[in-house]
Undergrad: 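I have a structure I would like to understand better, so I am pasting it below and will then ask my questions one at a time.
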Amino acid sequence: MEFRQAQAVCIPAVHLHMTTATMPVSQKDFEKAQEQLKLLKKDPGNETKLKLYALFKQATEGPCNSPKPGMLDFVKKAKWDAWNSLGNLSQDNARQKYTELVSSLISAESAGQTKDASPEESRHDDYETIIVTTKNNITKIMFNRPERKNAINHQMYREIIKALQEAGKDDSTIAVITGNGEYYTSGNDLNNFANVQPNDMEKMAKDGAELLKEFVSCFIDFPKPLIAVVNGPAIGISVTLLGLCDIVYASDRATFHTPFSQLGQSPEGCSSYLFPKIMGLAKANEMLLFNKKLTAAEACAWGLVTEVFPDGTFQKEVWERLKAYASLPKNSLAVSKQLLRSMEKEKLHAVNSQECEVLKERWLSDECLNAIVSFFQRKSKL
Ligand SMILES: CCCCC/C=C/CC(=O)SCCNC(=O)CCNC(=O)[C@H](O)C(C)(C)COP(=O)(O)OP(=O)(O)OC[C@H]1O[C@@H](n2cnc3c(N)ncnc32)[C@H](O)[C@@H]1OP(=O)(O)O
């Protein structure tokens with residue numbers, strides 16, 4: 001939705017009867033907020049425009065009762081979703097929230113505090129296992145447990161879910177996922193299975209499968225281009241998720257390893273469906289059944305990686321390119337990505353559910369438990 005459109009939806013003033021008991025914001029204030037909105041110089045971003053649209057509709061027409069637009073009508077659907085998400089919020093409350101939101105946008109702009117105002121990198125707070133930053137319209141999510149080869153523990157799964165949900169809605173044009181240090185990531189932290197009492201095994205497996213399903217769903221549903229910058233070796237789930245990324249750039253130092261049968265486990269991240277499509281069944285079998293570790297050049301030849309760069313110039317070359325990509329029109333990129341992916345979404349969610357169900361059983365198997373014990377006894381490094 002263009003900014004002009006968001007302003008346009010606010011123009012029709014509908015005169016409503018209101019009671020002062022429930023409405024601290026008068027109709028006059030509401031109309032004034034509509035006028036003020038037109039004076040904003042900076043585009044407040046899609047998320048905010050959708051909020052404004054939804055609150056305006058709720059304030060002037062009440063709860064959404066129009067039919068849901070078709071899946072491919074992205075703009076109308078986003079607007080409908082935003083309005084519908086307000087449920088039964090009263091018209092008075094909607095008017096008040098609309099007026100407050102406009103007022104906060106005006107104050108932020110006059111204080112020069114809008115997010116776009118600063119070209120500097122901004123670091124998002126509240127994360128411990130990942131670093132999340134935004135600069136040049138790119139939100140970067142970086143695995144950050146380099147001393148554990150960036151192994152993904154439960155906290156990191158949850159933080160990545162949160163970071164992806166926020167990045168999907170923020171003003172950035174693209175999002176990038178990468179690793180800090182020598183590794184991209186060594187995949188699932190095997191400590192996720194450690195120290196579980198025999199009585200708690202089933203609960204561990206059930207909770208793990210739920211968390212995994214939610215985690216993978218965030219990649220399936222991510223609404224804008226998602227780019228993997230694979231700075232070093234990648235193992236397990238970090239490799240399977242590459243099939244859900246839109247571009248994969250790799251250092252020539254990177255390797256790609258999915259040792260599922262070695263670990264008594266089974267594929268996830270929709271790889272059981274996407275890998276055969278990407279590389280053909282025979283090659284997918286070598287990776288997913290027989291643990292074949294690929295070099296970056298092999299992964300590129302097999303279609304899993306978009307392009308490989310010499311490690312010495314990897315960061316410079318890749319980030320220059322991404323900066324240029326992120327200056328492209330963001331709405332165009334987002335709708336194009338959704339076109340490329342939308343036909344598959346339902347299928348991918350079904351595959352994700354099935355893979356998680358199978359893994360839940362695998363995690364309770366002797367084959368898997370023996371593999372984990374061997375890792376901790378240091379008999380079996382990959
Ligand atoms: C919610 C649950 C969802 C589950 C989804 C399922 C996903 C499936 C997968 O991802 S399968 C892949 C699992 N990963 C592995 O099996 C990798 C195991 N790690 C290794 O084999 C090696 O550590 C190595 C090859 C990655 C690196 O070997 P190297 O000798 O170079 O380094 P160290 O082994 O000394 O590593 C340094 C310390 O980091 C610990 N560590 C590294 N990776 C993991 C990991 N994945 N899980 C747990 N711990 C890991 C390693 O143990 C060292 O710790 P220490 O210093 O205390 O010994």
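In each ligand, atom 1 is the first atom listed, and ligand 1 is the first ligand listed. Just so it is clear, the structure is predicted and the values come from calculations on it, not from any experiment. The figures that follow rest on heavy atoms only: side chains count, while hydrogens, waters and symmetry mates do not.
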Undergrad: Parallel, tilted or perpendicular: which one describes the rings of F193 and W363, with boundaries at 30° and 60°?
TA: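 Tilted.
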
Undergrad: Name the option, out of A371, A151, G187, P267, that contains the heavy atom nearest to atom 45 (C) of ligand 1.
TA: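 Result: the heavy atom closest to atom 45 (C) of ligand 1 is in A151.
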
Undergrad: Can you list the atoms of ligand 1 that are under 4.0 Å from a heavy atom of E147?
TA: 37 (C), 38 (C), 39 (O)

Undergrad: Please report whether ligand 1 has a polar contact with S186, defined as an N or O pair separated by less than 3.5 Å (distance criterion only).
TA: yes

Undergrad: For the 3.5 Å polar cut-off, considering only N or O atoms, please tell me whether R148 and ligand 1 meet it.
TA: yes

Undergrad: Between E31 and K28, is there a side-chain N and carboxylate O pair less than 4.0 Å apart?
TA: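 Looking at E31 and K28, the cut-off is not met.
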
Undergrad: Suppose I only count heavy atoms of Y183 and a 4.0 Å limit; which atoms of ligand 1 are within that range?
TA: 24 (C), 25 (C), 26 (C), 27 (C)

Undergrad: Please state which option from F215, F375, Y157 has its nearest heavy atom closest to atom 5 (C) of ligand 1.
TA: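 Nearest heavy atom to atom 5 (C) of ligand 1 lies in Y157.
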
Undergrad: Is a donor from one side chain sitting under 3.5 angstrom from an acceptor on the other, for N153 and T129?
TA: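 Their side chains do not contain a donor-acceptor pair, so the 3.5 Å distance test is not met.
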
Undergrad: Looking at E344 and K277, does any basic side-chain N land under 4.0 Å from a carboxylate oxygen?
TA: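 So E344 pairs with K277 through a salt bridge.
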
Undergrad: Are the side chain of T258 and the backbone N or O of F260 linked by a donor-acceptor pair below 3.5 Å?
TA: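 Between the backbone of F260 and the side chain of T258 there is no qualifying donor-acceptor contact (under 3.5 Å).
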
Undergrad: Given L359, D207, N188, T258, identify the one with the heavy atom nearest to atom 9 (C) of ligand 1.
TA: N188

Undergrad: Checking the N or O distance criterion of under 3.5 Å, is ligand 1 in contact with I237?
TA: yes

